[in-house]
Participant: 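Here you go, one structure.
Every number for a ligand or one of its atoms is a count from 1 in the order of the listing.
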Amino acid sequence: TEIPVITVDGPSGAGKGTISHMLADNLGWHFLDSGALYRVTGQACLIEGVSWDDAPAVAEIARHLAVSFTRADSGEVLVAYKGQDVSRAIRTEEGGRGASTVAAIPAVRDALLARQQDFRQAPGLVADGRDMGTVVFPDAPLKFYLTASAEERAQRRYKQLIAKGEGVSLARLLEDIEERDARDSQRSVSPLLPAEDAIIVDSTATPIGDVFAQVMLKVSEKG
Ligand code: C5P
């Protein structure tokens with residue numbers, strides 16, 4: 001295909017979601033939140049009474065995943081499974097654990113591969129995830145790998161949750177992030193890794209607006 005793709009990979013909490021949404025809006029391109037597909041798969045298991053560790057059953061769920069994404073007037077993306085709104089549920093810490101557990105199952109990744117590639121539609125796609133540049137869109141002309149220290153990512157998540165009125169412990173969040181990083185980078189299939197041709201952007205000490213400016217500069221250089 002000649003339809004362009006920009007991939008944005010990296011660990012959780014590095015600002016990928018924010019940056020790739022801004023990028024897609026700015027370019028008027030489609031957006032793939034691949035993490036949401038893994039999150040919905042985990043949530044579907046809870047709904048269907050399937051254990052996250054039951055690989056064949058989870059893969060079956062992923063193959064037939066009745067998921068839909070719709071954009072509300074507010075701009076918020078609503079995620080539904082079998083018509084049931086799961087937008088909130090998939091964003092909890094448990095939702096993140098479920099996602100990274102089912103994401104380590106090779107047959108689940110296979111089941112979701114073509115579905116992710118189907119998002120590549122004109123005029124272009126911004127794809128957010130862990131393996132967008134390495135596995136799903138290896139031919140993407142522009143790849144970013146966004147990262148930040150685990151402490152900084154835990155801090156950001158902490159502020160988000162506090163702003164939402166959720167009581168959480170920073171130490172617990174840091175532990176969760178480190179655990180998820182370890183699971184995502186040590187799994188045998190599609191481990192979290194920058195593509196060889198990815199531009200690495202470290203946002204530990206850089207405000208998100210500056211990160212976006214850096215990314216946009218690369219996009220415009222690419223023409
Ligand atoms: O990006 P997000 O935090 O929503 O992803 C949730 C989990 O889904 C990640 O921790 C990772 O285990 C998994 N994931 C993945 N490959 C992707 C996107 C997400 O394995 N492309």
Side-chain angles (χ1 to χ4, degrees), residues 5-21 23-24 30-46 52-53 55 58-59 61-62 65 67 69 76-79 81 86-120 125-138 140 143-148 150 153-154 156-158 160-161 173-195 198 203:
V5 185
I6 297 176
T7 60
V8 185
D9 290 306
S12 53
K16 279 177 301 155
T18 309
I19 292 294
S20 41
H21 268 295
L23 207 49
H30 297 279
F31 178 71
L32 166 62
D33 176 359
S34 60
L37 291 174
Y38 291 99
R39 287 174 183 269
V40 173
T41 302
Q43 192 62 31
C45 291
L46 294 179
W52 293 334
D53 299 317
V58 181
I61 284 193
L65 199 68
V67 61
F69 297 94
E76 193 191 350
V77 176
L78 297 176
V79 187
Y81 171 70
V86 295
S87 319
R88 285 275 150 74
I90 62 168
R91 300 294 162 201
T92 61
E93 293 301 301
E94 186 191 31
R97 266 197 305 280
S100 79
T101 308
V102 302
I105 302 170
V108 168
R109 306 198 72 86
D110 277 352
L112 296 178
L113 183 65
R115 197 187 283 257
Q116 294 173 78
Q117 291 167 337
D118 287 344
F119 278 77
R120 188 171 194 165
L125 174 69
V126 178
D128 166 339
R130 302 291 186 290
D131 61 344
M132 299 296 97
T134 50
V135 175
V136 181
F137 304 107
K143 301 177 183 179
F144 292 99
Y145 187 86
L146 220 62
T147 186
R153 289 183 283 128
R156 288 177 192 169
R157 180 88 184 127
Y158 181 73
Q160 275 174 3
L161 292 174
L173 283 175
L174 180 57
E175 233 172 73
D176 271 1
I177 282 191
E178 286 175 335
E179 228 177 80
R180 192 126 67 91
D181 280 0
R183 223 179 3 245
D184 289 350
S185 27
Q186 285 158 20
R187 68 179 174 223
S188 56
V189 280
S190 306
L192 175 64
L193 208 78
S203 74

Participant: Please confirm whether Asp128 comes within less than 3.5 Å of ligand 1 when only nitrogen or oxygen atoms on both sides are compared.
Facilitator: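 Such a contact does not occur with ligand 1.
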
Participant: Is there a donor-acceptor pair closer than 3.5 Å between any side-chain N or O of Arg120 and the backbone N or O of Leu125?
Facilitator: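 Here the side-chain-to-backbone pair does not exist.
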
Participant: Indicate whether the side chain of Gln160 and that of Arg157 have a donor and an acceptor atom separated by less than 3.5 Å.
Facilitator: yes

Participant: Which pair of non-hydrogen atoms, one from Ser34 and one from Gln116, has the smallest distance, and what is that distance?
Facilitator: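 Between these two residues, the closest heavy atoms are CB-OE1, 3.3 Å.
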
Participant: Any nitrogen or oxygen of Asp33 lying under 3.5 Å from a nitrogen or oxygen in ligand 1? Just yes or no.
Facilitator: no

Participant: Under the 3.5 angstrom rule, does the side chain of Arg39 hit a backbone N or O of Ile90 as a donor-acceptor pair?
Facilitator: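 Side chain of Arg39 to backbone of Ile90: a pair is present.
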
Participant: Checking the side chain of Asp9 only, and the main-chain atoms of Asp131 only, is there a donor and an acceptor separated by less than 3.5 Å?
Facilitator: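 Checked: pair present.
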
Participant: Return yes when Arg183 approaches ligand 1 closer than 4.0 angstrom through a heavy atom, no otherwise.
Facilitator: no

Participant: Does Tyr38 reach ligand 1 with a nitrogen or oxygen that is under 3.5 Å from one of the ligand's nitrogen or oxygen atoms?
Facilitator: no

Participant: Looking at ligand 1, does any of its N/O atoms fall within less than 3.5 Å of an N/O of Asp184?
Facilitator: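 Yes; the residue has a nitrogen or oxygen that sits under 3.5 Å from a nitrogen or oxygen of the ligand.
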
Participant: Could you tell me whether Gln116 and ligand 1 have an N or O pair separated by under 3.5 Å?
Facilitator: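 Checking ligand 1 against Gln116, no N or O pair falls under 3.5 Å apart.
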
Participant: So between Arg130, Arg187, Met132, whose heavy atom ends up nearest atom 9 (C) of ligand 1?
Facilitator: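 Looking at heavy atoms only, Arg130 sits closest to atom 9 (C) of ligand 1.
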
